[in-house]
Every structure is written in C-alpha cells, then in structure tokens.
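Below is one structure, written out as structure tokens, with a few remarks after it.
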Amino acid sequence: MFECSNLEQFMKECASLDFEKNVSLAEHSTIKVGGYADYVAYPKTESALCALVDYLNEEKIKYSVVGNGSNLIFDDEGYRGVVVITNQLKKIRKVRNTLYAECGVSLTALAVYAQKHGLSGLEFAYGIPGTIGGAVYMNAGAYGGEIKDVLQKSAYFDPSISKRCELYNAGHRFGYRESVYETNNNVILSAVFELKQRDPNEIKVEMDGYMAARKEKQPLDYPSAGSTFKRCEGHYTAQMIDRAGLKGFSVGGAQVSEKHAGFVINKGNATSKDIKDLISIIKQRVKEKFDVDIQEEVKYID
Ligand SMILES: Cc1cc2nc3c(=O)[nH]c(=O)nc-3n(C[C@H](O)[C@H](O)[C@H](O)COP(=O)(O)OP(=O)(O)OC[C@H]3O[C@@H](n4cnc5c(N)ncnc54)[C@H](O)[C@@H]3O)c2cc1C
C-alpha cells in the first residue's frame with residue numbers, strides 16, 4: 001500500500017474535498033469488481049478538483065479521474081495511488097436554451113432537468129448510468145443520439161500547464177465512443193449543451209420509450225459495465241458473439257449475458273480477472289469464426 005503523509009496533509013487542508021483511505025473500488029464500479037485503492041478523493045468544487053490534480057501531477061503521484069464507474073473495469077490488485085471521483089460536482093445551470101453541467105452530474109439527472117424545462121436534445125441520454133465527464137470522454141450515445149450532437153463546449157484542466165481551458169465541439173474530434181480526451185491527460189470539469197425547445201410531455205414520452213427499451217433489451221438485473229465491446233463497421237458485435245456460441249458462456253463469476261450477448265455481467269462473485277479472461281476468450285472466438293477484431297468499449301484502470 002502506498003501512503004503519503006504530505007498528500008494526506010494537502011487533502012486535509014483542502015476544505016472542499018473529502019478523502020478516504022483503503023477503499024473498495026468494487027463499490028465505485030457498476031460491474032462491482034476491483035480491489036482496494038490506497039486513496040479515493042471526492043472534490044466538491046471545480047477549484048478543489050483542479051488543485052488536487054495539479055498537486056498530484058506536480059508530485060508525480062499516480063491518479064485517475066473517474067465518474068460513476070459505469071464504463072470501466074478496476075483491477076483485482078486495486079490502485080496504488082489516488083482515484084479521484086467526481087460525483088460531488090453536481091451543479092446544473094440553465095441560460096436560455098443552454099444547460100451548463102459540472103462533470104459529476106448524472107446524465108439521467110441532466111436529461112430529466114432538460115425535460116422539466118422543455119429542452120430537447122438529451123432524450124437519448126436518459127438511462128445511461130454515467131456522469132457528464134464520462135459521457136463527454138466517451139461520446140456516450142444511444143437511440144440515434146450522441147453527446148457530440150448537443151455539446152457546445154467543455155471546460156477542462158490541463159495539468160501540463162496548470163490551467164483551466166475551454167474546448168468547442170469541433171475540437172473534441174468525436175468518433176464512435178471516443179473523443180480527444182482519450183489522447184491526453186486533461187480532466188473534464190464541465191460541459192455546456194445547446195438544446196431546443198419542445199413540449200415537456202413529448203420529451204417525456206420519448207424518454208420513457210427509451211427506458212422501456214433498455215429494460216426490455218439490457219440485462220439490468222445484473223451488474224455490468226454496459227456494452228463490453230464497441231460497434232464494429234459492417235457487423236453486429238452482439239450477434240457475432242451469439243453466433244460464436246457464447247451466450248451464457250462463463251468464466252468464474254463473469255458471464256456473457258443470456259439476454260444480450262453484448263454485455264458481460266457479474267453473476268455475483270466475479271473477479272476482475274474473470275471478466276478480463278472472458279473478454280479475451282470472446283475476442284479470440286469472434287476472430288476465429290468471423291475474422292473480425294472486436295475492440296473493448298470498456299476501459300481498464302489499474
Ligand atoms: C447498464 C448500462 C447501460 C449503458 N448504456 C450505455 C449507452 O446506452 N450508451 C453509452 O454510450 N454508454 C452506455 N453505458 C456505458 C457508460 O454508462 C457510459 O460510457 C458513460 O458515459 C460513462 O460515464 P461514467 O461517469 O460512468 O464514466 P467512468 O466509467 O467513470 O469513466 C469512463 C472513462 O472516462 C474517464 N473520465 C470520467 N470522468 C472524467 C473526467 N471528469 N475527466 C476526464 N476523464 C474522465 C475515465 O477515466 C474513464 O476512462 C452503459 C453502462 C451500463 C452499466
């Protein structure tokens with residue numbers, strides 16, 4: 001275990017930040033796997049988040065910034081450093097047709113806020129269990145909508161120059177479940193979305209329809225990290241996994257969902273190793289049967 005008294009002193013002196021030592025990361029991931037992190041920090045303001053990241057970067061202390069942990073797999077060995085969790089950064093502000101949201105705001109909460117204010121564009125996001133930070137990072141999307149369609153700009157902290165900066169939509173180089181943030185160490189602080197006016201009742205009907213479709217198609221009764229693999233040009237990934245005979249296939253407590261082959265689920269006592277081993281078997285079988293290389297959508301944090 002890594003312990004650092006200067007780091008602890010720094011975090012204690014930072015009024016707008018809570019931290020804990022020796023924390024189970026399984027509790028911070030929707031798939032419920034992962035060992036213990038030496039430190040988990042919860043900044044409560046943007047400036048506390050920037051100050052912490054700046055300090056960790058200067059002191060060369062290993063860190064990762066995460067949101068709701070709904071698209072990631074922590075390692076069984078845990079994390080020798082600081083996992084920074086943004087879920088205390090929850091401010092939302094409305095200015096005419098735009099919504100400003102801090103990085104820790106839940107996508108579903110923002111979709112509901114937009115609906116109540118008769119603002120359309122985030123219907124697709126209702127039910128995606130991530131935060132704004134994770135959603136901008138991943139260019140989250142569903143049912144024909146994506147973050148890139150509604151994002152005006154994001155603000156980020158660049159630890160290499162210790163500065164808060166802004167990036168307009170085109171600068172994000174959005175692709176299918178990817179953005180420029182995957183290629184740098186910048187920390188997403190907030191985002192501004194440009195929405196359109198629409199009858200709140202119509203928005204609600206559309207959102208409820210998406211939620212019903214999720215409940216019908218996705219294995220929501222079990223912990224998962226969502227779609228394990230990315231969509232792949234010209235093929236349906238889940239269909240290939242199914243046709244490779246893998247529906248219901250298990251390694252330890254990890255299983256290819258019988259309801260939706262695109263999801264690896266935790267049947268109760270999976271380890272991170274079970275999940276990683278299962279993912280590599282799926283990739284290998286799909287390659288053998290279809291000569292297609294499928295790529296993980298989930299991120300590994302170790
Ligand atoms: C049941 C289920 C259904 C899902 N359905 C969908 C779906 O329909 N569409 C979809 O796109 N996704 C879906 N997902 C996946 C996931 O919810 C999204 O990708 C979501 O956007 C991830 O957000 P998060 O806050 O959980 O990110 P995390 O999982 O915490 O992190 C994901 C990545 O983003 C980085 N990151 C997070 N916050 C920041 C920040 N502030 N600054 C810099 N980097 C950051 C992390 O380091 C990590 O690399 C689903 C997941 C589950 C469990």
Side-chain angles (χ1 to χ4, degrees), residues 25 28-34 40 42-43 46 49-50 52-53 63-74 79 82-90 101-111 122-149 151 154-159 164 167 172 174-191 210-211 213-215 217-231 257 259-260 262-266 296-302:
L25 289 173
H28 290 290
S29 80
T30 56
I31 197 164
K32 304 285 173 217
V33 298
V40 170
Y42 310 89
E46 177 181 302
L49 172 57
C50 296
L52 175 64
V53 168
Y63 68 93
S64 285
V65 178
V66 308
N68 194 39
S70 64
N71 205 52
L72 49 82
I73 315 282
F74 289 117
Y79 193 86
V82 185
V83 175
V84 181
I85 297 188
T86 63
N87 62 9
Q88 299 299 308
L89 289 150
K90 291 192 289 206
E102 284 187 327
C103 59
V105 169
S106 110
L107 264 184
T108 292
L110 191 67
L122 284 166
E123 290 86 343
F124 75 89
Y126 185 55
I128 300 179
T131 61
I132 295 304
V136 171
Y137 184 96
M138 301 290 303
N139 185 24
Y143 305 111
E146 281 180 303
I147 288 293
K148 77 170 173 53
D149 304 333
L151 183 80
S154 64
Y156 63 90
F157 181 73
D158 180 347
R164 181 191 192 276
L167 190 63
H172 288 72
F174 283 123
Y176 177 72
R177 300 294 171 267
E178 54 189 35
S179 78
V180 72
Y181 287 112
E182 287 186 273
T183 64
N184 58 41
N185 293 319
N186 297 338
V187 176
I188 301 158
L189 302 172
S190 61
Y210 294 148
M211 188 59 93
R214 277 180 190 280
K215 287 185 178 153
K217 302 227 166 72
Q218 298 182 356
L220 301 182
D221 296 344
Y222 290 98
S224 80
S227 292
T228 312
F229 300 97
K230 290 187 179 180
R231 202 169 58 196
S257 163
K259 189 167 178 184
H260 188 317
F263 282 62
V264 166
I265 56 170
N266 181 349
E296 287 96 321
E297 183 177 317
V298 294
K299 308 281 172 209
Y300 299 107
I301 300 217
D302 43 33

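These numbers come from the heavy atoms of this one structure, side chains and all, not from hydrogens, waters or symmetry mates. Counting starts at 1 for both ligands and their atoms, following the listed order.
- Nearest-residue assignment for atom 19 (O) of ligand 1 (options L72, T30, T86, N71; heavy-atom criterion): N71.
- Of all the heavy atoms of N68, the ones lying under 4.0 Å from any atom of ligand 1 are found in both the backbone and the side chain.
- Between the CG atom in N68 and the CD1 atom in I132 there is a gap of 11.5 Å [rounded to 0.5 Å].
- For ligand 1 and A135, the ligand atoms under 4.0 Å from any heavy atom of the residue are 21 (O).
- If you check the side chains of S64 and Y79, you find a donor sitting under 3.5 Å from an acceptor.
- Of all protein heavy atoms, the one closest to atom 25 (O) of ligand 1 is T131 OG1, 2.6 Å.
- Contact annotation for L220 and ligand 1: only side-chain heavy atoms (C-beta onward) come within less than 4.0 Å of the ligand.
- With values rounded to the nearest 0.5 angstrom, L72 atom CG is found 11.0 Å from D302 atom CG.
- Looking only at protein heavy atoms, the nearest one to atom 33 (C) of ligand 1 is Y137 CD2, 3.6 Å.
- Residue N186 approaches ligand 1 through these ligand atoms, each under 4.0 Å from one of its heavy atoms: 43 (C).
- With C103 as the fixed residue, the side chain to side chain contact (heavy atoms under 4.5 Å, CB included) test singles out one of T131, L189, L49: L49.
- A distance of 9.5 Å separates NZ in K230 from CZ in R177, rounded to the nearest 0.5 Å.
- Ranking the protein heavy atoms by distance from atom 17 (O) of ligand 1 puts S70 OG, 2.7 Å first.
- At least one N/O-N/O distance between R177 and ligand 1 falls below 3.5 Å.
- E146 does not count as a contact of ligand 1, since none of its heavy atoms falls under 4.0 Å from the ligand.
- Proximity of S224 to ligand 1 is established by a heavy-atom distance of less than 4.0 Å.
- For ligand 1, the atoms lying closer than 4.0 Å to a non-hydrogen atom of A140 are 11 (O), 21 (O).
- Atoms of ligand 1 lying under 4.0 Å from at least one heavy atom of A142, given by number and element, are 8 (O).
- Across the listed options V65, V66, V53, V65 owns the non-hydrogen atom lying nearest to atom 40 (C) of ligand 1.
- Looking only at heavy atoms of the protein, atom 4 (C) of ligand 1 is closest to P129 CD, 3.6 Å.
- Heavy-atom separations between N139 and ligand 1 are all 4.0 Å or longer.
- Of the protein's non-hydrogen atoms, the one nearest atom 39 (C) of ligand 1 is G133 C, 3.9 Å.
- Within the cation-pi definition used here (under 6.0 Å to the ring centroid, within 45° of the axis), R164 does not qualify as a partner of Y156.
- Looking from atom 14 (N) of ligand 1 to the surrounding protein, the closest heavy atom is I128 CG2, 4.2 Å.
- How far OG of S179 is from CG of N184: 8.0 Å, rounded to the nearest 0.5 Å.
- Nearest protein heavy-atom neighbour of atom 8 (O) of ligand 1: R214 NH2, 2.9 Å.
- Shortest contact from atom 41 (N) of ligand 1 to any protein heavy atom: I188 O, 3.0 Å.
- To the nearest 0.5 Å, atom CG of residue N139 and atom CD1 of residue I147 are 7.0 Å apart.
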Stepwise side chain to side chain donor-acceptor pair (under 3.5 Å) check, Y42 with T86: CA-CA 6 Å; Y42 310 89; T86 63; over 6 Å; no

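- By heavy-atom distance, the residue among C103, G141, G226, A191 lying nearest atom 7 (C) of ligand 1 is G141.
- In this structure, OG in S70 is found 11.0 Å from CD1 in I31, a value given to the nearest 0.5 Å.
- Between E182 and K299 there is a salt bridge, since a side-chain N of the basic residue sits under 4.0 Å from a carboxylate O of the acidic one.
- Ring orientation note: the planes of Y210 and Y143 are close to parallel, at an angle under 30° on the 30°/60° scale.
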Test ring-ring contact (aromatic ring centres under 6.0 Å, His included) on H172 and Y181; report intermediate values, then the result. CA-CA 7 Å; H172 288 72; Y181 287 112; 5.7 Å; yes

